[in-house]
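Worksheet: one structure, shown below.
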Amino acid sequence: MTVLQSVTSVTIGDPAAFVAYWAERADEDDFGLTRPAPGRLEAAWSLGRARIELEGPAARIAVESGDIGGLVTMRGLVAWYLGRFDLVLAEPDWSGETLAGEMPPNFHFAEVAEMRALNPFYHRMVLTGDMTPFTKDGMHFRMYRQRPGVTEPRWPRMSGRGTVDWPSGPDAPFNPAYTARHVDAEAGVMFVDIYRHEGSPTCDWCLSRPVGERVGLAGPGSGWLPQEQTLLLAGDETAVPAILRMLEMARPDQRGTALLVAPDGRAVQEVRTASAIEARWLIRGRDEGLVEAAMRLRGPEGETHHWFAASQAEARAMRRHYRQELGLAREHMYCAAYW
Ligand SMILES: Cc1cc2nc3c(=O)[nH]c(=O)nc-3n(C[C@H](O)[C@H](O)[C@H](O)COP(=O)(O)OP(=O)(O)OC[C@H]3O[C@@H](n4cnc5c(N)ncnc54)[C@H](O)[C@@H]3O)c2cc1C
């Protein structure tokens, strides 16, 4: 397997505080962190990893990933964490190809080919373009869309440092996270199911029938079918596209339960899966709450993946449950606030 690597050195000031900072971030943000030797840290995400070697008040950091898109994302991720550590004052310069001035390798244009109602609660957006990047490793992305009235579209560009200059400021494009509900790379088509809710710039835009408009897809960033034999999946309306996609990808030998929230019976969709995972829809106001139901799910220890996505408050409660009640290891859980 190809592994691309890029290296940087930064002044970190206080090594003990730097180590404590990474431990805290790993705990909060659910990425793996090990200390293979004194003065060394290794952080792991689904896209790649970072090896950190402390040398007095400095750190040498090497990031690795399987392709240039992943490598650029890894550089950006580590740079983002470094930027939030008070004692790192300068932005890192990464070794290797910087692609300065080019579009980021993990940014893809697509066109809105169709916008229709999937049911009274979801818009189904059909995008066309090169969808090959979305056929493996990740189903989530950020959808970049220009703000109304912007005459000079602003898109991200590679900086001279090897990371991406994402547009910022009041004119910066909208960039909410969504899920590739269905991808047909041969036909160059992706479906995105957008839950309709109050105060949503994306939903207002969907209602404006933006067929023919260009959007930018940054990703895929994360999220794929967990490999454990038992899957316990639970999510609210915004996570329904991800859960249905995982059910479609699940292997025949996988089993478990999927809890999906629907505002009422009209949002209930047909579930297609070759697996033995049992899907249960929870109708708001009629059935038990998502968190309550998800907390009762149990599977064989070490062979079960617990997956949860919903509002911030629900995700916080579930994370506490996964960690404190079930004592789950990071690699056996995914718990995300989708809004
Ligand atoms: C990894 C990931 C994948 C996601 N995939 C999908 C997907 O496939 N489909 C999908 O519909 N959503 C998905 N979401 C959720 C989506 O990103 C959020 O709902 C986001 O807020 C939508 O942006 P917006 O344009 O509506 O505006 P924002 O400016 O983000 O939100 C506007 C207002 O709406 C509120 N809001 C957001 N979501 C809800 C909600 N569900 N119910 C009530 N109020 C809400 C916000 O709190 C805010 O007050 C995903 C989120 C993540 C992190």
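Both counts, for ligands and for their atoms, begin at 1 and track the order of listing. Quick note: residue numbers are just sequence positions, from 1.
The ligand atoms of ligand 1 that sit less than 4.0 angstrom from a heavy atom of Y195 are 10 (C), 11 (O), 41 (N). Atom numbering of ligand 1 starts at 1 in the shown order; those under 4.0 Å from a heavy atom of I194 are 11 (O). Those atoms of ligand 1 with a heavy atom of T179 less than 4.0 angstrom away are 3 (C), 4 (C), 5 (N), 6 (C), 7 (C), 8 (O). Less than 4.0 angstrom separates some heavy atom of S200 from each of these atoms of ligand 1: 24 (P), 25 (O), 26 (O).
Scanning all protein heavy atoms for the shortest distance to atom 6 (C) of ligand 1 gives T238 O, 3.3 Å. Distance from atom 22 (C) of ligand 1 to its nearest protein heavy atom, with residue and atom name: Y178 OH, 3.4 Å. Among protein heavy atoms, atom 14 (N) of ligand 1 sits closest to A177 O, 3.4 Å. Scanning the protein for heavy atoms near atom 18 (C) of ligand 1, the closest one is Y338 O, 3.6 Å.
In this structure, T128 and M190 have side chains that are not in contact, with every pair of non-hydrogen atoms separated by 4.5 Å or more. Using a 4.5 Å heavy-atom threshold, the side chains of E228 and Q254 count as separate.
Distances shorter than 4.0 angstrom do not occur between any heavy atom of C203 and any atom of ligand 1. Contact annotation: R181 has no heavy atom less than 4.0 Å from any atom of ligand 1. At least one heavy atom of G199 sits under 4.0 Å from some atom of ligand 1.
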Only distances under 3.5 Å count here; give the side-chain donor-acceptor pairs of residues 75-87 to other protein atoms, sequence neighbours excluded, each with its distance to 0.1 Å.
| residue | atom | partner | partner atom | Å |
| --- | --- | --- | --- | --- |
| R75 | NE | S6 | OG | 3.1 |
| R75 | NH1 | E97 | O | 3.1 |
| R75 | NH1 | G162 | O | 2.8 |
| R75 | NH2 | S6 | OG | 3.4 |
| R75 | NH2 | S95 | O | 3.0 |
| R75 | NH2 | E97 | O | 3.0 |
| Y81 | OH | D29 | OD2 | 2.6 |
| R84 | NH1 | W80 | O | 3.1 |

Donor-acceptor pairs under 3.5 Å, side chain of residues 174-181 to any protein atom, not counting sequence neighbours: which ones?
| residue | atom | partner | partner atom | Å |
| --- | --- | --- | --- | --- |
| N175 | ND2 | Y144 | OH | 3.1 |
| T179 | OG1 | H140 | ND1 | 3.1 |
| R181 | NH1 | E248 | OE1 | 3.4 |
| R181 | NH1 | E248 | OE2 | 3.3 |
| R181 | NH2 | E248 | OE2 | 2.8 |

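No donor-acceptor pair closer than 3.5 Å links the side chain of R60 to the backbone N or O of L54. Side chain of T135 to backbone of T132: a donor-acceptor contact under 3.5 angstrom is found.
Within 4.0 Å of atom 27 (O) of ligand 1, at least one protein heavy atom is present. Protein heavy atoms are found inside the 4.0 Å sphere centred on atom 40 (C) of ligand 1. For atom 49 (O) of ligand 1, no protein heavy-atom neighbour is found at a distance under 4.0 Å.
Taking all atoms of both residues into account, the shortest heavy-atom contact from D236 to L290 is N-CD2, 3.7 Å.
Hydrophobic cluster membership differs between L231 and Y322, with clusters built from Ile, Leu, Val, Met, Phe, Trp and Tyr side chains linked at under 4.5 angstrom.
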Go through the steps for R214 and E111 under the test salt bridge (Lys or Arg N to Asp or Glu O under 4.0 Å), then give the verdict. CA-CA 5 Å; R214 184 150 89 143; E111 190 180 302; over 6 Å; no
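Inspection of the D287 and W281 side chains reveals no N or O donor paired with an N or O acceptor under 3.5 Å.
For H197, a nitrogen or oxygen atom sits less than 3.5 Å from a nitrogen or oxygen atom of ligand 1, counting backbone and side chain alike.
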